[in-house]
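Every value quoted in this text rests on a predicted model; they were computed, and no experiment measured them.
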Amino acid sequence: MKENGKKLKYFLFDSLLWTYAAISLYKIVYQNYLLQVRYLEYHTQDFIFCLITGVVLSLTFSFIPKSSIFRGFSQKSNTPYFKRTYFLLFLFILIITFINGIHFSQISLREFLSASGMNGAKRIFWSLLQPNFDILGESLKAAVETIFMAFMATALAIPFSFILSFFAAKNLTRGSFIFRAVYTGARFALNGTRSIEPLVWAIIFSVWVGIGPFAGMLALCLHSVASLSKLYSEQIENINEGPLDAIRSTGAHPIQVIWFGVVPQIILPFLSFTIYRWDINVRMATVIGLVGGGGIGTMLMQYQGTARWNEVGLLIIIIALIVWAMDTMSSKIREKIK
Amino acid sequence: MMLKISNLKKVYPNGLQALNDINLEVKKGEFLVIIGLSGSGKSTLLKCINKLHPVTEGKVIFNDQEISSLKGEEMRMAQSNMGMIFQHFNLIERKSALTNVLTGALHKTSIFKSLLELFSPEQKEEAFKMLDIVGLKDKAYERVDNLSGGQKQRVAIARALMQSPSLLLADEPVASLDPATSHSVMDYLKKVNEELGVTIICNLHFLSLVREYAQRVVALKDGQLIFEGKPEQIDEDWFRKIYGEKAKEVFIK
């Protein structure tokens with residue numbers, strides 16, 4: 001009974017795989033590359049046809065020994081890989097996948113090496129190497145804006161993350177059902193916020209409070225709260241629980257237990273994470289500027305939009321210097337406080 | 001009677017029955033030692049007494065007060081009257097010995113003051129006195145992670161004394177110390193028991209230490225109390241019963 005169930009499972013998975021292979025072979029390899037159809041159309045009957053082909057192929061292979069792909073990989077065998085039928089069939093599908101990939105990402109050596117394209121690239125690279133220092137003052141001001149935007153985002157995120165992290169730590173929320181619910185809620189909210197990129201938050205906030213550093217700061221801050229809380233709470237989950245027991249056994253209040261049992265153990269890792277976060281925020285602030293978050297990113301977007309490559313060159317140099325400086329500084333400090 | 005445990009039963013959430021029907025009485029000023037294999041329930045018993053673990057069934061009566069059902073402030077009040085020291089010391093490693101001792105006074109300090117570590121001059125003086133009792137007055141401002149194992153355990157004893165407890169629970173206090181340091185720590189416990197009149201319940205591994213320090217011994221096996229008596233009553237037969245047929249006694253001098 002169990003054996004039959006497994007066979008059915010392998011057959012169904014194989015069918016999906018072969019349907020995929022049939023679609024790719026028919027539409028992309030046959031129609032696109034061999035017939036060179038200019039505008040590929042995808043009809044429902046094509047898919048039905050491919051599905052039937054896939055099921056038939058899968059059924060056929062399930063009767064030929066050692067050629068069902070999913071069964072093959074789930075069984076142990078001593079034959080070398082290149083002598084196994086199912087493995088060769090798998091390689092065949094892998095090759096089809098690469099052909100698909102080339103088709104969908106529109107990879108084209110012709111475009112890459114075309115003379116006019118090369119000339120354009122040469123022009124841009126050449127002007128990037130001749131940065132326009134006339135806008136130095138203005139760009140330094142924008143750079144300072146970016147750094148402070150990142151600083152404020154990090155600083156404002158600290159108190160929120162600090163408090164949230166205690167509720168998002170598994171080992172501190174074991175007590176009662178209410179704590180469990182708070183833990184689950186906090187984790188859910190944090191994961192949700194973190195899975196939306198700061199770039200998207202910046203777009204939302206630039207509509208809300210208008211384009212500028214404030215929108216960028218809010219976006220970074222929100223994302224920082226989510227990721228710092230997660231890092232903090234993981235640190236809390238890794239603490240030694242001995243001191244907690246000891247402080248609790250003196251009859252201390254739960255707040256005192258956390259303050260004396262937990263906080264001294266986590267304060268340095270927290271500091272280290274926070275500095276690292278500031279470093280990340282400076283980089284992100286630049287990118288966020290591109291969508292209207294203010295600072296040097298917005299300036300970069302404006303000059304790039306009007307194809308003033310000499311100015312862009314200067315901005316890139318400044319960005320690189322800032323990122324390098326922040327990176328060095330933050331890793332030095334984090335090394336020191338380990 | 002200082003402590004009376006009746007029909008105590010403890011089942012962990014994972015279904016493990018750690019203690020089964022324990023009945024035990026401890027007199028004021030006594031030095032009671034609990035022996036038994038690892039996993040026999042010694043640690044659980046101590047943690048049930050001071051409510052670090054909730055009790056599943058049964059009663060713990062401490063100073064005429066039933067404490068196993070207490071909650072909140074009343075429970076903390078009862079806890080503050082019992083000191084506890086641990087095998088791994090459980091000190092705040094990054095803080096000074098003095099601050100660690102002062103955490104013994106947390107119950108008597110308001111939350112706000114304790115968050116700012118604003119302990120009163122009287123409390124500080126008291127903490128110095130406790131450090132003096134365990135011979136570590138000169139290490140008061142030393143960070144605990146710079147101290148040796150034996151010194152750490154003495155700081156832990158001072159922290160427990162800071163609670164001015166009537167009962168001191170010691171959970172294998174010398175299990176991670178070398179033999180010489182073990183004796184020194186046990187001597188301090190004896191001093192606390194004899195000079196300050198603090199009742200002590202102590203879990204121990206080595207029978208030689210038990211014979212030297214215990215006034216009375218109880219033995220646990222698989223969560224049950226199987227022996228109660230004087231240390232010299234533990235003969236070859238009892239030893240086998242407590243530690244299993246193949247056990248051999250190891251001496252620590």
Side-chain angles (χ1 to χ4, degrees), chain A residues 158-159 162-163 165-167 169-181 183-184 232 235-275 333-338, chain B residues 13 43 46-47 49-54 70 72-96 99-117 143-145 155-156 159-165 168-169 171:
Chain A
I158 294 171
F162 185 79
I163 292 168
S165 63
F166 289 94
F167 293 106
K170 213 175 214 160
N171 53 343
L172 296 186
T173 48
R174 274 193 295 246
S176 65
F177 175 74
I178 302 168
F179 271 134
R180 267 294 47 145
Y183 164 81
T184 315
Y232 286 179
Q235 195 61 40
I236 295 176
E237 282 170 1
N238 285 331
I239 60 163
N240 171 12
E241 299 208 20
L244 259 118
D245 267 353
I247 304 290
R248 204 179 286 138
S249 75
T250 67
H253 189 273
I255 293 176
Q256 294 172 322
V257 173
I258 286 181
W259 191 255
F260 286 93
V262 183
V263 173
Q265 292 191 60
I266 55 176
I267 205 80
L268 282 188
F270 273 30
L271 202 63
S272 163
F273 287 142
T274 312
I275 291 171
I333 296 178
R334 281 181 290 130
E335 194 64 34
K336 277 266 148 52
I337 61 177
K338 222 165 215 175
Chain B
S43 237
L46 291 193
K47 287 179 176 173
I49 294 174
N50 75 350
K51 296 265 312 179
L52 280 182
H53 286 337
L70 292 183
E73 176 50 34
E74 280 182 317
M75 174 184 87
R76 294 197 288 274
M77 183 73 202
Q79 282 178 326
S80 77
N81 286 323
M82 294 184 245
M84 183 160 188
I85 61 175
F86 302 81
Q87 179 184 348
H88 299 292
F89 327 128
N90 293 355
L91 299 169
I92 311 166
E93 295 280 326
R94 311 193 67 92
K95 300 253 181 195
S96 69
T99 310
N100 268 285
V101 176
L102 282 166
T103 57
L106 281 177
H107 180 75
K108 291 175 212 127
T109 315
S110 79
I111 292 175
F112 177 74
K113 277 188 179 166
S114 61
L115 292 191
L116 299 173
E117 292 187 23
R143 249 172 67 158
V144 167
D145 45 10
V155 173
R159 170 174 66 187
L161 292 181
M162 188 71 194
Q163 296 171 238
S164 35
L168 181 65
L169 307 168
D171 190 6

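Considering every non-hydrogen atom in both B:R159 and A:A246, the closest pair reads NH2-CB, 3.2 Å. Heavy atoms only, all atoms of each residue included: A:Q256 and B:S110 are closest at NE2-O, 4.0 Å.
Atom CD1 of residue B:I85 and atom OG of residue A:S249 lie 10.5 Å apart, to the nearest 0.5 angstrom. A distance of 4.5 Å separates CD in B:E117 from CZ in A:F260, rounded to the nearest 0.5 Å. Distance check: A:T250 OG1 to B:L102 CG gives 11.5 Å after rounding to the nearest 0.5 Å. The CG atom of A:N240 sits 6.5 Å away from the CG atom of B:N90 when rounded to the nearest 0.5 Å. The line from CD1 of B:I92 to CH2 of A:W259 is 12.0 Å long, rounded to the nearest 0.5 Å. Taking CD of B:E93 as the reference point, atom CD of A:Q265 lies at 8.5 Å (rounded to 0.5 Å).
Heavy atoms from other residues, nucleotides or ligands lying under 6.0 Å from CZ of A:F162 number more than 12. A 6.0 Å sphere centred on CG of B:L116 holds more than 12 heavy atoms belonging to other residues, nucleotides or ligands.
When the candidates B:E73, B:R76, B:K47, B:H107 are compared by the number of heavy-atom contacts under 4.5 Å with chain A, B:R76 comes out ahead. For the set B:T109, B:N100, B:T103, B:L106, the entry with the most heavy-atom pairs within less than 4.5 Å of chain A is B:L106.
Both the backbone and the side chain of B:L115 come within less than 4.5 Å of a heavy atom of chain A. At a 4.5 Å heavy-atom cutoff, B:K51 makes no contact with chain A through either its backbone or its side chain.
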